[in-house]
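Data first, discussion second: the structure below is written as C-alpha cells.
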Amino acid sequence: ELTVNAKVVSGTDVCVEGGAGTVTLTGGLANGAAVKMTDGTLVLSGAGEYDLRDGQSEIGTASTEALDARLVVDGGAEVTLGENPLFVGSWRNRVTNQKSVARLVVTNATICNVEQTLTSVADSSTNASICVGYRSEAVMEVHAGAVISNRLVVGGVYGSKINGNIKHGAVYQDGGSVTAFGSNSAHGLVIGSEQNANGYYELKGGDFTVLGILAVGYYGRGSFVQFGGTSHFAKPSHFSTWTTVDVGPISQGNGGNATMRFAGGKAKVDDDVRLVLTGGATNKGRSRVTVEEGAELDCGAGVIKLGAVHSNNNFGNTAFFAIRGGAVRAAGFFGGYNSSNPTCPLLNSVGFDGGTLVTSVNGSDIFMGTTSSAQLVTNVIVYAGGMTVDTDGKTGCGTVVPIRGAWGKGVSQISFVAKSGLVAAPVVDIDGDGVGAVAVAEFDSTSGTMTGIKVVNPGAGYTRATVTAWTESGTAFSDTWGRD
C-alpha cells in the first residue's frame with residue numbers, strides 16, 4: 001500500500017505494475033502526466049485536479065500475462081481529458097487464453113473533456129474518447145455522485161474492421177450522470193465498434209445523455225439496455241441538421257448486430273433525432289428494439305424508421321421493433337427501402353404484446369410515418385396481450401397497413417444453458433422462416449452471469465427456428481427446432 005499526498009509534476013507518468021497492490025494519489029497530477037497500469041489498483045482521490053490532457057493513459061497494458069488493472073476515481077477528484085484517448089483495456093493486452101479485465105470505477109468524482117467542440121475529430125478516430133475494451137476485456141462502472149462528460153467508445157476501435165485480439169467492453173451505470181458528446185463527423189457513443197467486438201451499456205440508475213449520433217452494433221455486436229434512470233438522445237447546438245440513434249450497422253458492409261432494450265425507466269428521443277433500426281449491412285445486418293413492462297420511450301414528433309436506404313445488397317437483413325407492456329410515443333413507424341435496388345429483401349415488423357402506442361402529430365399514418373419517401377411497415381403483429389393506440393387528442397390518425405393477429409407458430413420459450421464469466425449480456429439471434437420473433441438475454445452484471453432468456457415477441461409464421469446466444473468468446477449455445 002502506498003499513498004502520495006503531493007502533486008505529481010508535469011511530464012511524469014504514473015506507472016502501476018504487477019505486485020504493486022493499491023497506490024493512492026491525493027494531491028493531483030499536473031498537465032502532461034499519464035497513467036500506465038498493468039496490474040493492481042490506482043486510486044485518484046481528494047479535491048485535486050488530475051490533468052491527463054496531454055498524456056495517453058492506459059489501464060491494462062500487459063503483453064505477456066493476464067493481469068487485472070483497476071483505476072478508481074473518487075473522493076471529489078476532478079480528472080480532465082482532451083484530444084488524447086483514455087484506454088481501458090489497452091491494445092497491448094493481447095492475451096487470448098486467460099481471463100483479464102481492466103476496470104475504471106468512478107464514484108463521487110468528475111471526468112470531463114475540456115475540448116468538447118471536437119472540431120478536429122474524424123469519424124474513424126479514437127481521439128477525445130474514453131475507449132472501454134479497446135484491445136482487451138474492460139469495464140467502466142459509474143456510481144452515485146459521478147459526473148462524466150466525454151466521447152465514449154465501448155467495445156473495439158471506433159470505425160475500424162480489424163480482426164483478431166480481444167476487444168470487449170461494458171459500462172455499468174447505476175447512478176451519477178454521463179454525457180456522451182460528438183460532432184458532425186464523430187459519433188458521441190459507439191457500442192460494438194468493430195468486427196469481432198462486443199459492446200454493452202447497462203443503465204440501472206442516474207442520468208444518461210447522448211449529444212450527437214449514437215451507434216449500437218456499428219461493425220460488431222452492441223447492446224444498450226435500460227432498466228431504470230433516465231436516458232436522453234439529443235442534437236447538439238453545433239449540429240447543422242438532425243442526428244440519429246442508429247440501431248444496427250449503418251453502412252454497406254458493416255455487418256453489425258444490435259439490441260436496444262428499454263426494460264424500465266424513461267427514455268426521451270428529441271424531435272430532430274431519428275431512431276433508426278437500420279439493418280443496413282451487405283449481408284444479415286440485424287437490429288432489434290424492445291420496449292417492455294414499465295418502460296417509456298418518448299420519440300416526440302419523430303418517426304421510427306425500420307430499415308436501410310443506402311446499401312446495395314440488403315440480403316437477409318432484419319429490423320424488428322417489439323413492444324411488450326411498455327409505452328411508445330411517436331409520429332409513427334415507417335419501413336426503409338433500398339434506393340439503389342428497391343427489390344432487395346428487408347424484413348421488418350412492429351409487434352405488440354400489450355403496451356401502448358401514443359400518436360404525437362395530427363394526420364399521421366402510424367405505420368408509414370409522415371415522410372413522403374416513407375415505405376409501409378411490412379408486418380404489424382398483435383399477440384395475446386393486445387395493442388392500445390392512444391391518439392392523445394390528435395386527429396386524422398390511422399393506417400393503411402393491415403394489423404394482423406399472430407398466425408402459425410411462434411417462439412414462446414427458449415431453453416438455455418447458464419453462462420458465467422461474462423462482462424456483457426449475450427446478443428440473442430432467432431433465425432427461421434417466420435417474422436418478428438425477438439428475445440433478449442437476462443444478465444446479472446454483478447456476477448457476470450447470463451441467468452435466462454426472455455421472449456419479448458414470439459413472432460409469427462414459424463415452422464422452424466434456430467436460436468443463438470452470442471457471448472464475448474463466441475456462442476453460449478445454439479438450438480434448433482422444427483422441420484429439417
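Please read all numbers here as calculations on a predicted model, not as lab measurements.
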Worksheet item: Quick one: do the D74 and N108 side chains pair a donor with an acceptor below 3.5 Å?
Response: no

Item to complete: Answer whether the closest heavy-atom distance between the side chains of D51 and L29 falls below 4.5 Å.
Response: no

Fill in: Chi angles and distances behind the side chain to side chain contact (heavy atoms under 4.5 Å, CB included) call for T259, V216
CA-CA 7 Å; T259 299; V216 183; over 6 Å; no

Worksheet entry | Side-chain donor or acceptor of S287 paired with backbone N/O of T318 under 3.5 Å | yes

Item to complete: Can you measure from OG (S445) to CZ (F227) and round to the nearest 0.5 angstrom?
Response: 8.0 Å

Worksheet item: Can D429 and N257 be counted as having a side-chain donor-acceptor contact under 3.5 angstrom?
Response: yes

Discussion item. Contact between L25 and V43 at the side-chain level, heavy atoms closer than 4.5 Å - yes or no?
Written reply: no

Worksheet item: Looking only at heavy atoms, which two atoms of P85 and C131 are closest? And how far apart?
Response: CB-SG, 4.4 Å

Fill in: Criterion side chain to side chain contact (heavy atoms under 4.5 Å, CB included) against I148, the qualifying member of V106, V79, N113, V171
V106

Practice prompt. Output yes when a side-chain donor or acceptor of R288 lies under 3.5 Å from a complementary backbone atom of A258, and no otherwise.
Written response: yes

Worksheet entry | Flag, side chain of D68 to backbone of V101, donor-acceptor distance under 3.5 Å | yes

Worksheet item: Once you round to the nearest 0.5 Å, how far does CG of L152 lie from CG of L189?
Response: 5.5 Å

Worksheet item: With a 4.5 Å heavy-atom cut-off, do S231 and L203 have their side chains touching?
Response: yes

Worksheet entry | Under 3.5 Å: donor-acceptor pair, side chain of N348, backbone of T378 | yes

Discussion item. Checking side chain to side chain contact (heavy atoms under 4.5 Å, CB included) between V328 and each of V291, V350, V289, which is the one that passes?
Written reply: V291

Worksheet item: Should F367 and I403 count as side-chain neighbours, where that means a heavy-atom distance under 4.5 Å?
Response: yes

Item to complete: State, without any angle test, whether H232 and D270 hold a side-chain donor-acceptor pair at a distance under 3.5 Å.
Response: yes

Discussion item. Quick check against the 3.5 Å criterion: does T179 have a side-chain atom that pairs as donor or acceptor with the backbone of T209?
Written reply: no

Practice prompt. Kindly compute the distance separating CG (L81) from SG (C112), expressed to the nearest 0.5 Å.
Written response: 8.5 Å

Discussion item. Would you call the rings of Y134 and F87 parallel, tilted or perpendicular, taking 30° and 60° as the class edges?
Written reply: parallel

Practice prompt. Please check if any side-chain donor atom of E442 sits under 3.5 Å from a side-chain acceptor atom of T451, or the reverse.
Written response: no

Item to complete: Would you please say whether a donor-acceptor pair under 3.5 Å links the side chains of D207 and T230?
Response: yes

Worksheet item: Which atom names give the shortest non-hydrogen contact between R286 and I430, and what distance separates them?
Response: NH1-O, 4.4 Å

Discussion item. Do S447 and T449 pair up side chain to side chain, a donor and an acceptor below 3.5 Å, judged on atom types alone?
Written reply: yes

Practice prompt. Identify the two heavy atoms, one from S349 and one from G436, that lie closest to each other, and give their separation to 0.1 Å.
Written response: OG-CA, 3.4 Å

Discussion item. Using side chain to side chain contact (heavy atoms under 4.5 Å, CB included), reason through L52 and V35 one step at a time and then give a plain yes or no.
Written reply: CA-CA 8 Å; L52 303 179; V35 170; 4.3 Å; yes

Worksheet item: Is it true that a side-chain atom of Q226 and a backbone atom of G229 form a donor plus acceptor pair closer than 3.5 Å?
Response: yes

Fill in: Interatomic spacing from NE2 in H168 to OG in S136 - rounded to 0.5 Å
9.5 Å

Worksheet item: Without hydrogens or angle criteria, can the side chains of T356 and D390 be said to hold a donor-acceptor pair below 3.5 Å?
Response: no

Worksheet item: Are the ring centres of Y383 and F352 closer than 6.0 Å?
Response: no

Practice prompt. Assert yes or no for the condition that the ring centre distance of Y201 to F208 is strictly below 6.0 Å.
Written response: yes

Worksheet item: Given the rule in the side chain to side chain donor-acceptor pair (under 3.5 Å) test, do S360 and R329 qualify, once you have shown the distances and angles that lead to the verdict?
Response: CA-CA 6 Å; S360 59; R329 180 173 178 264; 5.2 Å; no

Fill in: pair V132-V139: side-chain heavy atoms closer than 4.5 Å
no

Discussion item. How close do D174 and A144 get, counting heavy atoms only, and between which atoms?
Written reply: OD1-N, 4.3 Å

Fill in: Minimum side-chain heavy-atom gap R404-I381 below 4.5 Å
no

Worksheet item: Taking the side chain from D54 and the backbone from N31, do they hold a donor-acceptor pair closer than 3.5 Å?
Response: no

Worksheet item: How long is the gap from OG on S149 to CD1 on I111, to the nearest 0.5 Å?
Response: 11.0 Å

Response to the item:
Nearest heavy-atom contact between F334 and M368 is CB-O, 2.9 Å

Worksheet item: Aromatic rings F443 and Y172: how do their planes relate, parallel, tilted or perpendicular, breaks at 30° and 60°?
Response: tilted

Fill in: S129 and R151 side chains, donor-acceptor separation under 3.5 Å
yes

Worksheet entry | side chain to side chain contact (heavy atoms under 4.5 Å, CB included) assessment of V303 paired with F333 | CA-CA 6 Å; V303 293; F333 296 82; over 6 Å; no

Practice prompt. Examine the side chains of T290 and R261 and answer whether a donor and an acceptor come within less than 3.5 Å of each other.
Written response: no

Fill in: Separation of L297 CG from I323 CD1 (nearest 0.5 Å)
8.5 Å

Item to complete: Show the numbers, then the answer: is there a salt bridge (charged side-chain N to carboxylate O under 4.0 Å, His left out) between K268 and E296?
Response: CA-CA 8 Å; K268 178 69 172 72; E296 299 179 18; over 6 Å; no

Worksheet entry | Non-hydrogen side-chain atoms of M140 and V88 separated by less than 4.5 Å | no

Discussion item. Looking at K394, I want to see if its NZ is surrounded by more than 12 non-hydrogen atoms of other residues, nucleotides or ligands under 6.0 Å.
Written reply: yes

Worksheet entry | D298 side-chain N/O to G300 backbone N/O, donor-acceptor pair under 3.5 Å | yes

Item to complete: Considering non-hydrogen atoms only, spot the tightest contact between V154 and A170 and give its length.
Response: CG1-N, 3.8 Å

Discussion item. Could you check whether any side-chain heavy atom of M450 comes within less than 4.5 Å of a side-chain heavy atom of L422, counting everything from C-beta outward?
Written reply: yes

Item to complete: Step by step, work out the salt bridge (charged side-chain N to carboxylate O under 4.0 Å, His left out) result for K204 and E141.
Response: CA-CA 11 Å; K204 287 186 173 180; E141 300 177 18; over 6 Å; no

Discussion item. Donor-acceptor check, side chain of R324 to backbone of G351, threshold 3.5 angstrom: yes or no?
Written reply: no

Item to complete: Please test F321 against L306 for side chain to side chain contact (heavy atoms under 4.5 Å, CB included), starting from the C-alpha separation and ending with a verdict.
Response: CA-CA 8 Å; F321 196 102; L306 308 176; 4.2 Å; yes

